[in-house]
Number of protein chains: 2
Amino acid sequence: MAIDKQLRLLKCVADETRFQILMTLEGGERCVCEIIEELGEEQSLISHHLRALRKCGLIRRRREGKKIMYRLADPSILGLLTNVEKLASKFC
Amino acid sequence: MAIDKQLRLLKCVADETRFQILMTLEGGERCVCEIIEELGEEQSLISHHLRALRKCGLIRRRREGKKIMYRLADPSILGLLTNVEKLASKFC
DNA sequence: GACTTATATGAACAAATATTTATATGAAGT
DNA sequence: ACTTCATATAAATATTTGTTCATATAAGTC
């Protein structure tokens, strides 16, 4: 039951910027410029984090003209975020 | 919906040693020496990580004679681990 | 085909986190 | 009281991770 996969996933989500990107994508597909705008961060920073999330399999992308659209790889990812939210309010 | 609480929780779990400690505690209360034995790590290292988990509210402890017994603060923590496991096998 | 827009990438640098080492504490046994 | 066993802690160090900066690519526009 490959523990390093689980850790890779956790580490990927356990970063403020990436966590916020996932939250943004909860609302559906977004292009990079929208994510940048919403988070108010550097383009390059967002790009690095998008790559990390993608490498981890959590998000997917497709090109649409000049823009590149990102989306959650699977709705079940929302479940994790919700789960974390519940636990965090319970303890921490 | 305090995002930093969620992040503190995630960062706490997203470490191999701490993750394994939690897994060990799935099986019920354990004293520090048992955890050290099971993980095969330095006493001091385990102690640091136990503190981190405790600070985060994920585990509790009680003294029993010379030993100190640790346990999960709440069974709902198992749910998170399971959730992560499922997602990790799905992607990553 | 030069120019702009949108995004990605690599290398340098900065910050955060984990690990080790050495020492302290506190309960129990003698 | 002294010693041992079990655990904790602080400071030093090592490692990992995130951020910035400068540059590259790729598609669309003039």
Side-chain angles (χ1 to χ4, degrees), chain A residues 3-25 28-73 92, chain B residues 3-25 28-73 92:
Chain A
I3 188 174
D4 17 318
K5 284 190 182 183
Q6 291 167 251
L7 280 166
R8 233 185 300 142
L9 179 100
L10 277 167
K11 287 187 182 203
C12 196
V13 181
D15 169 85
E16 176 160 21
T17 308
R18 291 192 292 269
F19 191 81
Q20 288 187 144
I21 290 174
L22 292 176
M23 288 180 71
T24 297
L25 296 181
E29 210 178 37
R30 296 275 185 281
C31 72
V32 181
C33 56
E34 289 172 313
I35 298 172
I36 290 169
E37 166 105 45
E38 177 141 356
L39 302 204
E41 297 282 358
E42 283 293 322
Q43 178 269 314
S44 161
L45 181 65
I46 297 295
S47 196
H48 279 300
H49 285 299
L50 285 170
R51 177 147 62 108
L53 285 164
R54 204 156 59 85
K55 194 179 167 196
C56 206
L58 289 171
I59 61 177
R60 298 278 169 73
R61 68 175 173 181
R62 71 183 173 89
R63 179 176 283 277
E64 183 161 307
K66 260 193 295 188
K67 298 190 172 177
I68 298 208
M69 310 296 292
Y70 279 89
R71 62 181 185 284
L72 294 181
C92 287
Chain B
I3 190 175
D4 16 320
K5 285 189 180 182
Q6 292 167 249
L7 281 166
R8 232 185 300 143
L9 179 101
L10 277 167
K11 286 186 182 202
C12 196
V13 181
D15 169 86
E16 176 160 21
T17 308
R18 291 193 292 271
F19 191 81
Q20 287 186 147
I21 290 174
L22 292 176
M23 287 180 73
T24 296
L25 296 180
E29 208 177 38
R30 295 276 186 281
C31 73
V32 181
C33 55
E34 289 172 314
I35 298 171
I36 290 169
E37 166 104 45
E38 177 142 355
L39 302 205
E41 296 282 358
E42 283 294 321
Q43 177 270 315
S44 163
L45 181 64
I46 298 294
S47 196
H48 279 300
H49 285 299
L50 285 170
R51 178 147 63 107
L53 285 164
R54 204 156 60 83
K55 194 179 166 196
C56 206
L58 289 171
I59 62 178
R60 297 279 169 70
R61 66 175 175 182
R62 71 185 174 87
R63 179 176 281 279
E64 183 161 305
K66 263 192 293 189
K67 296 189 173 179
I68 299 207
M69 309 296 292
Y70 279 89
R71 64 181 184 284
L72 294 182
C92 287

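Chain A is the first sequence line, chain B the second, and so forth, proteins listed ahead of strands; every chain is numbered from 1.
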Reading 5' to 3' through nucleotides 21-30 of chain D, protein heavy-atom contacts under 4.0 Å coded B for base, S for sugar-phosphate only, - for none: B-----BS--
Is there a side-chain contact between [X] and [Y] (heavy atoms, below 4.5 Å)?
| X | Y | result |
| --- | --- | --- |
| B/L9 | B/K5 | no |
| B/H48 | B/T17 | no |
| A/R18 | A/L58 | no |
| A/I59 | A/L22 | yes |
| A/L50 | A/I35 | yes |

Spacing of [X] atom [atom1] relative to [N] atom [atom2], expressed in whole Å:
| X | N | atom1 | atom2 | value |
| --- | --- | --- | --- | --- |
| B/L10 | D/dG18 | CG | P | 13 Å |
| B/L53 | C/dT17 | CG | C1' | 14 Å |
| B/K11 | D/dG18 | NZ | P | 8 Å |
| B/I68 | D/dC5 | CD1 | P | 17 Å |
| A/L39 | D/dT19 | CG | C1' | 15 Å |
| A/I46 | C/dT7 | CD1 | C1' | 12 Å |
| B/I36 | D/dC5 | CD1 | C1' | 12 Å |
| A/L7 | D/dT17 | CG | C1' | 15 Å |

First encountered from the 5' end of DNA chain C, between B/H49 and A/R61: A/R61
Shortest non-hydrogen contact from A/R8 toward A/C56: O-SG, 3.7 Å
Shortest side-chain distance from B/R51, nucleotide among C/dT7, D/dT19, D/dT9: D/dT9
Sugar-phosphate, base or nothing in reach of A/R54, heavy atoms under 4.0 Å: nothing
C/dA6 phosphate, OP1 or OP2, under 4.0 Å from A/Y70 side-chain N/O: no
Candidate list B/R61, B/R62, B/K67, test salt bridge (charged side-chain N to carboxylate O under 4.0 Å, His left out), partner B/E29, passing option: B/R62
